[in-house]
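To start, the structure under review is shown below, and the notes come after it.
All figures in this text were calculated on a predicted structure; none of them were measured in a lab.
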Amino acid sequence: MSITTCNKEHIILALSQFGVTEIVGIHDNPVIINYLDELGYNGKQLKDETAWCSTFVNWVAMKSGLPRSKNLAARSWLKVGREVPEGKQEIGDVVIFWRGSKTDWRGHVGFYIGENENSIYTLGGNQSNQVKISEYSKSRLLGYRRLNSY
C-alpha cells in the first residue's frame with residue numbers, strides 16, 4: 001500500500017496543519033478556534049483545551065468535501081462513511097479508538113497512516129495537544145471507516 005493508492009487530498013490538507021498546537025493558559029490558538037468556528041461551533045466559548053480530535057477530522061473532511069460526523073465526539077465517526085475490515089485499511093481512512101474503557105463514551109479519532117505489529121499510527125488533532133502523527137495500541141481499536149471510494 002502506498003499513498004498513491006488512495007485519494008490523498010484530505011491527507012495533504014491534514015499534513016498542512018502539522019504542528020498546530022494548543023496554547024497553554026488563558027490564550028487560545030486562533031487556528032484551533034477557527035476549526036471550531038468553521039464547523040459552526042463557538043470556538044471562543046469552547047477554547048482550544050476542548051477535546052478537538054473530532055473537530056480536526058470534521059474540519060479536514062468538510063474542507064475536502066467528504067462525509068463528516070458533524071459531532072465533536074470521537075466515537076461519532078463509527079457511523080460515517082463505510083466500515084473497512086481490519087487488514088483492508090488504507091492511508092487516509094478514519095481510525096477510531098476507545099479511551100478510558102471499550103464501553104466508555106470517550107474515544108479518539110484520526111487518519112490512518114500506517115502500523116506495525118502492535119501499534120497504529122494516526123495523523124490527527126489533539127494528539128499531545130497538537131496536530132501530529134502518534135502511535136496508538138492496536139488493542140484500543142474500535143474501527144476503520146472509509147469516507148470515499150479510493
Side-chain angles (χ1 to χ4, degrees), residues 1 3 6-84 89-102 104-116 118-148 150:
M1 169 186 49
I3 198 157
C6 68
N7 175 346
K8 59 189 174 208
E9 299 306 315
H10 68 290
I11 293 301
I12 292 169
L13 175 60
L15 282 168
S16 77
Q17 304 299 296
F18 200 90
V20 169
T21 305
E22 290 178 20
I23 298 173
V24 178
I26 62 170
H27 299 287
D28 296 302
N29 186 324
V31 175
I32 298 169
I33 299 305
N34 184 64
Y35 297 154
L36 289 158
D37 287 344
E38 286 192 16
L39 292 169
Y41 296 96
N42 183 340
K44 288 185 181 187
Q45 182 181 10
L46 290 174
K47 308 286 187 192
D48 70 2
E49 286 86 16
T50 191
W52 54 278
C53 63
S54 184
T55 298
F56 182 73
V57 175
N58 268 292
W59 182 83
V60 169
M62 179 186 73
K63 291 292 195 180
S64 302
L66 297 171
R68 56 194 176 102
S69 76
K70 301 179 183 178
N71 190 304
L72 298 183
R75 289 179 182 233
S76 66
W77 286 93
L78 288 166
K79 297 179 181 180
V80 179
R82 61 186 167 90
E83 185 176 7
V84 177
Q89 66 275 12
E90 296 183 5
I91 292 171
D93 285 340
V94 173
V95 58
I96 306 101
F97 300 98
W98 59 264
R99 193 165 56 98
S101 75
K102 199 167 189 173
D104 195 327
W105 66 270
R106 295 173 295 167
H108 182 70
V109 64
F111 295 106
Y112 178 83
I113 296 297
E115 65 186 276
N116 63 31
N118 300 311
S119 302
I120 300 167
Y121 295 91
T122 64
L123 168 61
N126 203 26
Q127 297 184 164
S128 299
N129 299 327
Q130 62 184 300
V131 176
K132 65 183 240 173
I133 295 173
S134 295
E135 177 180 12
Y136 294 91
S137 172
K138 285 185 175 180
S139 67
R140 291 181 49 202
L141 177 68
L142 287 174
Y144 297 101
R145 306 297 292 190
R146 185 145 309 147
L147 300 183
N148 63 351
Y150 297 153

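With hydrogens and angles ignored, the 3.5 Å screen pairs no side-chain donor or acceptor of S64 with any backbone N or O of L66. Using modelled atom types, no side-chain atom of K138 and backbone atom of E115 make a donor-acceptor pair closer than 3.5 Å. The backbone N or O of D104 lies less than 3.5 Å from a partner atom in the side chain of R75, making a donor-acceptor pair. A side-chain donor-acceptor contact under 3.5 Å links S69 to the backbone of N71. Here the side chain of S76 pairs a donor or acceptor atom with the backbone of A73 at under 3.5 angstrom. A donor-acceptor distance shorter than 3.5 angstrom exists from the side chain of Q127 to the backbone of K132, with no hydrogens or angles considered.
Between L72 and L46, the closest side-chain pair of non-hydrogen atoms falls below 4.5 Å. Residues N129 and E49 form no side-chain contact, since every pair of their non-hydrogen atoms from C-beta on lies 4.5 Å or further apart. Using a 4.5 Å cut-off on side-chain heavy atoms (C-beta onward), K44 and D28 make no contact. Looking only at side-chain heavy atoms (C-beta outward), R145 and I96 come within less than 4.5 Å of each other. Residues V109 and V95 have side chains not in contact (no heavy-atom distance under 4.5 Å, counting atoms from C-beta outward). For the pair S54 and V57, the minimum side-chain heavy-atom distance is 4.5 Å or more. Considering only heavy atoms from C-beta on, K102 comes within 4.5 Å of L142 through its side chain. Considering only heavy atoms from C-beta on, T55 comes within 4.5 Å of L39 through its side chain.
For the atom pair H108 NE2 and R99 CZ, the distance stands at 9.0 Å (nearest 0.5 Å). Taking CZ of F56 as the reference point, atom CG of L123 lies at 5.5 Å (rounded to 0.5 Å). Interatomic distance, CD1 of I33 versus CG of N42, reported as 8.5 Å (0.5 Å rounding). Atom CG of N116 is separated from atom CD of E135 by 6.0 Å, given to the nearest 0.5 angstrom. The distance from the NZ atom of K8 to the CG atom of L13 is 14.5 Å, given to the nearest 0.5 Å. Taking CG of L15 as the start and NE2 of H10 as the end, the distance is 10.0 Å to the nearest 0.5 Å.
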**OP:** Give the intermediate values and the outcome of side-chain hydrogen bond (donor to acceptor under 3.5 Å, both in side chains) for residues N34 and E38.
**Re:** CA-CA 6 Å; N34 184 64; E38 286 192 16; 2.9 Å; yes
**OP:** Give the intermediate values and the outcome of side chain to side chain contact (heavy atoms under 4.5 Å, CB included) for residues V60 and F111.
**Re:** CA-CA 10 Å; V60 169; F111 295 106; 3.7 Å; yes
Original post:
Between N58 and Y35, does a side-chain hydrogen bond (donor to acceptor under 3.5 Å, both in side chains) hold up when you go through it step by step?
Top reply: CA-CA 9 Å; N58 268 292; Y35 297 154; over 6 Å; no
**OP:** Might you work through the side chain to side chain contact (heavy atoms under 4.5 Å, CB included) test for R146 and E83, ending with a clear yes or no?
**Re:** CA-CA 6 Å; R146 185 145 309 147; E83 185 176 7; over 6 Å; no
Original post:
Run the side chain to side chain contact (heavy atoms under 4.5 Å, CB included) check on L147 and V80 step by step: do they pass?
Top reply: CA-CA 7 Å; L147 300 183; V80 179; 3.8 Å; yes
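The residue from Y112, F97, W98, Y121 that alone fulfils the ring-ring contact (aromatic ring centres under 6.0 Å, His included) condition with Y136 is F97.
Scanning all heavy atoms of the two residues, the minimum distance from I113 to T122 falls at CG1-C, 4.1 Å. Nearest heavy-atom pair, Y144 versus Q89, reported as atom, atom and distance to 0.1 Å: OH-NE2, 3.4 Å.
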Would you give me the side-chain donor-acceptor pairs under 3.5 Å for residues 19-27, sequence neighbours excluded?
unit_1	atom_1	unit_2	atom_2	d
T21	OG1	G19	O	2.7
E22	OE2	W52	NE1	2.8

